[in-house]
Amino acid sequence: MAARNLAAGAQRCLHATTATMGVRPTMAGLAEQLAKLQVSRAPSAFQQTRRFATETTQATTTPLIRTIPPPAPAPKSKFLELAPEAITTVYKFPTMEPLSFQTYNTAFLQTQIRRDILHKAVIYEGDNQRLGRGRTQTRSDVHGSGRKLRPQKGTGKARLGDKSSPMLRGGIKAHGPKAEKNFATDLQSKVYSHAYRIAFSYRYKCGELIVVDDISDHEFPDAHYVKELLKNNNWGRENKNTLFLSMRPNASLIDAIERMETEGRAMTVEEVDCKNLLELGRIVIEKEALDYFFDRRCPPEVRI
């Protein structure tokens with residue numbers, strides 16, 4: 001409004017000036033005269049900022065358009081980003097010809113290696129397998145009379161009871177074990193299942209997890225056949241032996257492995273524990289058995 005009033009006043013002055021000089025005003029001349037006028041705007045409210053005592057009196061102007069800096073990049077994770085699935089090759093047993101690919105969740109075959117959890121699982125299994133059968137003889141178990149061997153007083157010797165006294169040779173043992181002791185310890189089921197996943201992940205990362213189509217129903221003629229199979233695939237004693245893991249027991253394979261003794265081991269999914277998965281050089285497991293461990297040792301959100 002102030003700028004409009006100022007422009008109107010300037011136009012009246014221009015008309016008066018031209019009338020005095022005898023010059024007729026034109027639109028071009030009026031525009032030229034108006035362009036020479038400087039219209040100053042009052043500072044806005046946000047430009048009238050309070051000054052500090054230490055500031056200079058030099059006028060500063062705040063830009064009406066501020067440049068917004070670009071957003072900072074998201075921080076990179078310090079953990080390795082894994083693929084959503086781990087791929088395994090299924091081989092035909094015993095020719096070891098590739099048949100197909102099978103995918104599993106990375107939480108099952110590519111989980112982080114935790115030695116502390118593996119240690120807890122191995123100790124837990126060892127404690128549960130320990131048998132406390134130590135038992136010493138009591139006074140009722142020692143043959144002989146309960147008669148006192150010498151008088152209590154008058155001999156100048158120490159007091160002595162019957163012949164089953166712990167002081168005498170052939171007597172009982174004082175404070176010895178008297179019954180079977182249970183050495184079993186407890187471990188959370190989710191921690192124990194995590195140890196299985198770590199063991200399989202370690203074998204998978206090292207290339208020592210071999211998945212085959214079938215072991216349970218395959219017929220092994222004799223021990224010589226199994227020995228040649230181990231030799232041709234570099235699975236024998238020279239290469240740290242092999243664990244054959246099947247869903248159901250194979251009598252012919254178990255008999256052949258027992259005859260060779262140090263060439264390997266054959267077990268089922270019900271017999272194997274976490275320590276067995278880490279002992280030998282590699283694991284030859286049938287696909288059905290690996291699916292069994294995936295369904296039983298993985299949390300529900302992973303199995304979906």
Side-chain angles (χ1 to χ4, degrees), residues 113-149 158-200 202-203 215-216 220 223 226 236-237 240-285 289 292-293 296-297:
I113 305 300
R114 294 279 303 274
R115 297 183 62 181
D116 56 333
I117 295 181
L118 290 176
H119 179 266
K120 290 180 180 180
V122 172
I123 295 300
Y124 166 73
E125 294 168 352
D127 291 342
N128 290 343
Q129 294 175 0
R130 184 178 177 183
L131 301 177
R133 295 182 176 179
R135 184 181 182 278
T136 57
Q137 291 181 335
T138 60
R139 287 185 178 270
S140 60
D141 299 327
V142 177
H143 177 73
S145 173
R147 182 180 64 86
K148 189 174 178 64
L149 296 180
R159 295 170 290 184
L160 186 62
D162 57 7
K163 62 181 300 184
S164 62
S165 173
M167 298 172 54
L168 301 179
R169 183 177 181 180
I172 67 170
K173 180 176 179 61
H175 309 294
K178 300 178 176 59
E180 294 185 1
K181 183 178 179 180
N182 184 16
F183 292 93
T185 56
D186 295 332
L187 185 66
Q188 294 179 344
S189 59
K190 63 179 182 181
V191 177
Y192 192 50
S193 298
H194 191 187
Y196 270 90
R197 300 198 300 272
I198 293 174
F200 278 113
Y202 172 75
R203 291 300 190 183
I215 296 179
S216 303
F220 297 88
V226 178
R237 180 173 53 184
K240 301 181 181 180
N241 299 342
T242 301
L243 171 64
F244 291 92
L245 196 54
S246 59
M247 193 67 188
R248 297 173 297 278
N250 189 319
S252 59
L253 176 61
I254 295 175
D255 182 65
I257 292 292
E258 289 179 352
R259 291 186 180 184
M260 292 185 296
E261 296 181 356
T262 59
E263 292 292 338
R265 189 180 303 172
M267 305 182 72
T268 62
V269 293
E270 299 294 340
E271 301 170 346
V272 72
D273 53 21
C274 190
K275 181 181 66 177
N276 300 134
L277 299 177
L278 303 171
E279 284 181 332
L280 303 184
R282 68 198 51 79
I283 302 174
V284 178
I285 181 173
Y292 169 83
F293 285 109
R296 186 168 182 179
R297 297 300 179 183

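- The two residues Tyr192 and Cys274 make their nearest non-hydrogen contact at OH-N, 4.2 Å.
- Within a 6.0 Å radius of CZ in Arg159, other residues, nucleotides and ligands contribute 12 heavy atoms or fewer.
- Looking at Asp116 and Lys120, no side-chain N of the basic residue comes within less than 4.0 Å of a carboxylate O on the acidic one, giving no salt bridge.
- Inter-residue side-chain proximity for Met260 and Val226 is flagged as met; some heavy-atom pair is nearer than 4.5 Å.
- Side-chain atoms of Asp127 do not come within 3.5 Å of backbone N or O of Tyr124 as any donor-acceptor pair.
- Taken to the nearest 0.5 Å, the CD atom of Gln129 stands 14.0 Å off from the CZ atom of Phe183.
- Note: Leu149 CG to Lys163 NZ = 8.5 Å, rounded to the nearest 0.5 Å.
- More than 12 heavy atoms of other residues, nucleotides or ligands sit less than 6.0 Å from atom NZ of Lys148.
- Residues satisfying the side chain to side chain contact (heavy atoms under 4.5 Å, CB included) criterion with Asn241, sequence neighbours excluded, are Arg237, Leu280.
- Residues Leu278 and Leu118 are in side-chain contact: their nearest non-hydrogen atoms beyond the backbone lie under 4.5 Å apart.
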Worked check of side-chain contact (heavy atoms from CB on, under 4.5 Å) between Leu160 and Leu168: CA-CA 9 Å; Leu160 186 62; Leu168 301 179; 4.1 Å; yes
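- Going from atom CD of Gln137 over to atom CZ of Arg135 covers 8.5 Å, rounded to the nearest 0.5 Å.
- The two residues Gly170 and Val142 come nearest to each other via the heavy atoms O-CG1, 4.0 Å.
- At a threshold of 4.0 Å, the pair Asp273-Lys275 does not count as salt-bridged, since none of the basic side-chain nitrogens sits closer than that to a carboxylate oxygen.
- For the residue pair Asp141 / Thr138, a side-chain donor-acceptor distance below 3.5 Å is found, with atom types taken as modelled.
- Counted within 6.0 Å of CZ on Arg248, heavy atoms from surrounding residues, nucleotides or ligands total more than 12; the atom is thus considered enclosed.
- Pairing each heavy atom of Pro249 with each of Ile254, the nearest pair is CB-CD1, 4.2 Å.
- Between the side chain of Ser164 and the backbone N or O of Arg139, no donor-acceptor pair lies under 3.5 Å.
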Could you go through the side-chain contact (heavy atoms from CB on, under 4.5 Å) check for Leu253 and Ile215 one step at a time? CA-CA 9 Å; Leu253 176 61; Ile215 296 179; 3.9 Å; yes
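- A donor-acceptor pair under 3.5 Å links the side-chain atoms of Arg197 to the main chain of Arg297, judged by distance alone.
- Closest heavy-atom contact between Asn128 and Ala184: OD1-CB, 3.1 Å.
- For the residue pair Leu277 and Leu245, the shortest heavy atom distance occurs at CD2-CD2, 4.2 Å.
- With sequence neighbours left out, the ring-ring contact (aromatic ring centres under 6.0 Å, His included) criterion links Phe200 to Phe108, Phe293.
- The structure places CG of Leu187 at 7.5 Å from OG1 of Thr185, a figure rounded to the nearest 0.5 Å.
- Checked by atom type and distance alone, the side chain of Ser165 never pairs as donor or acceptor with a backbone atom of Gly161 at under 3.5 Å.
- In this structure, OG on Ser246 lies 9.0 Å from CD1 on Ile285, to the nearest 0.5 angstrom.
- The distance from the OG1 atom of Thr242 to the CZ atom of Arg265 is 11.5 Å, given to the nearest 0.5 Å.
- More than 12 heavy atoms of other residues, nucleotides or ligands sit less than 6.0 Å from atom OH of Tyr292.
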